[in-house]
Amino acid sequence: MERSHAPTPATLGRIALAGLLFFILVAVAVQLLRGDLDWRDAPLSFYLLDAHGHWLQAAYVVLAIALCALGAGYYRAFDVRQRSAAPWLLFTTAGLGLCVTALAHSNLPGRAPTLEGFVHGVAAQAAFLCVTVAALLQSWRLRVDPRWRRRFAPAFGLALAGFAAIWVDALWHGMPRGLEQRLVIALILAWLLLSAGWLCRDRTAAAREIPL
């Protein structure tokens, strides 16, 4: 059988980790530079507009690539008999949602809603939902592989917290909108960073392929 030249799980993990760190760095920097917006009230979508918005748009696209790399990395890290493409597909769908979110302008307070704003909102919610469900599924599947089983409890607990948080964010508005959204994003990013870090340390063979 020919040796695979595809990226190893560890390489894909490093790509994902680099993308996540880039997104965090840019998102924090843009918010610090936008003194005209109060981060506690303004959702992250508002920072995509006007000054420095193009940097955050680029960061969203990089984050989308990171999600795809993470999904692919975990798919390849598992034995072929235990693989499931569902988490990878959901991570990829979340990435596509992020790209649409970045390019379609959101509705703004005091202005008439637009079709573009509707598309932005649907894409953003789809991205949140897909990434949290993907995290849940991927965490659950850690149980089936002896090498990853000990990661199951922290991964699933954090994924469950992120999934619950998006529904709290959607149904309860008891705190400033921007702050509430950032808490949700922080939980999701915590799971992604933890999972990418684990993948970076994967020492298995490049990819377990079915012998021909």
Check: [Y] and [X] side chains under 4.5 Å, non-hydrogen atoms:
| X | Y | result |
| --- | --- | --- |
| Leu56 | Leu44 | yes |
| Leu20 | Leu70 | no |
| Trp172 | Glu180 | yes |
| Pro87 | Tyr74 | no |
| Leu90 | Leu129 | no |
| Phe128 | Ile185 | yes |
| Trp191 | Gln138 | yes |

On a heavy-atom basis, which atom in [X] and which in [Y] lie closest, and how many Å separate them?
| X | Y | answer |
| --- | --- | --- |
| Ala123 | Gly97 | CB-O, 3.6 Å |
| Leu48 | His120 | CD1-CE1, 4.0 Å |
| Pro9 | Gly73 | CB-O, 3.6 Å |
| Trp55 | Val26 | O-CG1, 3.5 Å |
| Ser84 | Tyr75 | O-CD1, 3.6 Å |
| Asn107 | Ala112 | OD1-O, 4.4 Å |

Out of curiosity, does [Y] fall in the hydrophobic cluster containing [X] (side-chain heavy atoms, cut-off under 4.5 Å, transitive links)?
| X | Y | result |
| --- | --- | --- |
| Leu192 | Ile24 | yes |
| Leu179 | Leu37 | yes |
| Tyr60 | Val100 | no |
| Val184 | Met175 | yes |
| Val62 | Ile188 | yes |

Nearest 0.5 Å, please: how far is [atom2] in [Y] from [atom1] in [X]?
| X | Y | atom1 | atom2 | answer |
| --- | --- | --- | --- | --- |
| Asp145 | Arg151 | CG | CZ | 12.0 Å |
| Cys68 | Leu96 | SG | CG | 6.5 Å |
| Leu199 | Leu12 | CG | CG | 7.0 Å |
| Trp88 | Arg76 | CH2 | CZ | 7.5 Å |
| Leu17 | Leu193 | CG | CG | 6.5 Å |
| Leu137 | Thr132 | CG | OG1 | 10.0 Å |

Is there a donor-acceptor pair under 3.5 Å between the side chain of [X] and the backbone N or O of [Y]?
| X | Y | value |
| --- | --- | --- |
| Gln181 | Pro43 | no |
| Arg34 | Gly53 | no |
| Gln31 | Ala27 | yes |
| Arg182 | Trp39 | yes |

Using a 6.0 Å distance limit plus a 45 degree cone around the ring axis, check whether Arg83 lies over the aromatic ring of Phe78. no
Salt bridge (charged side-chain N to carboxylate O under 4.0 Å, His left out) filter on Asp38, not counting sequence neighbours, yields Arg40
Going by atom type alone, with no hydrogens or angles, which donor-acceptor pairs under 3.5 Å involve a side-chain atom of residues 154-171 and a protein atom two or more places apart or on another chain?
from   : atom 1 : to     : atom 2 : distance (Å)
Asp169 : OD1    : Arg177 : NH1    : 2.8
Asp169 : OD2    : Arg177 : NH1    : 3.3

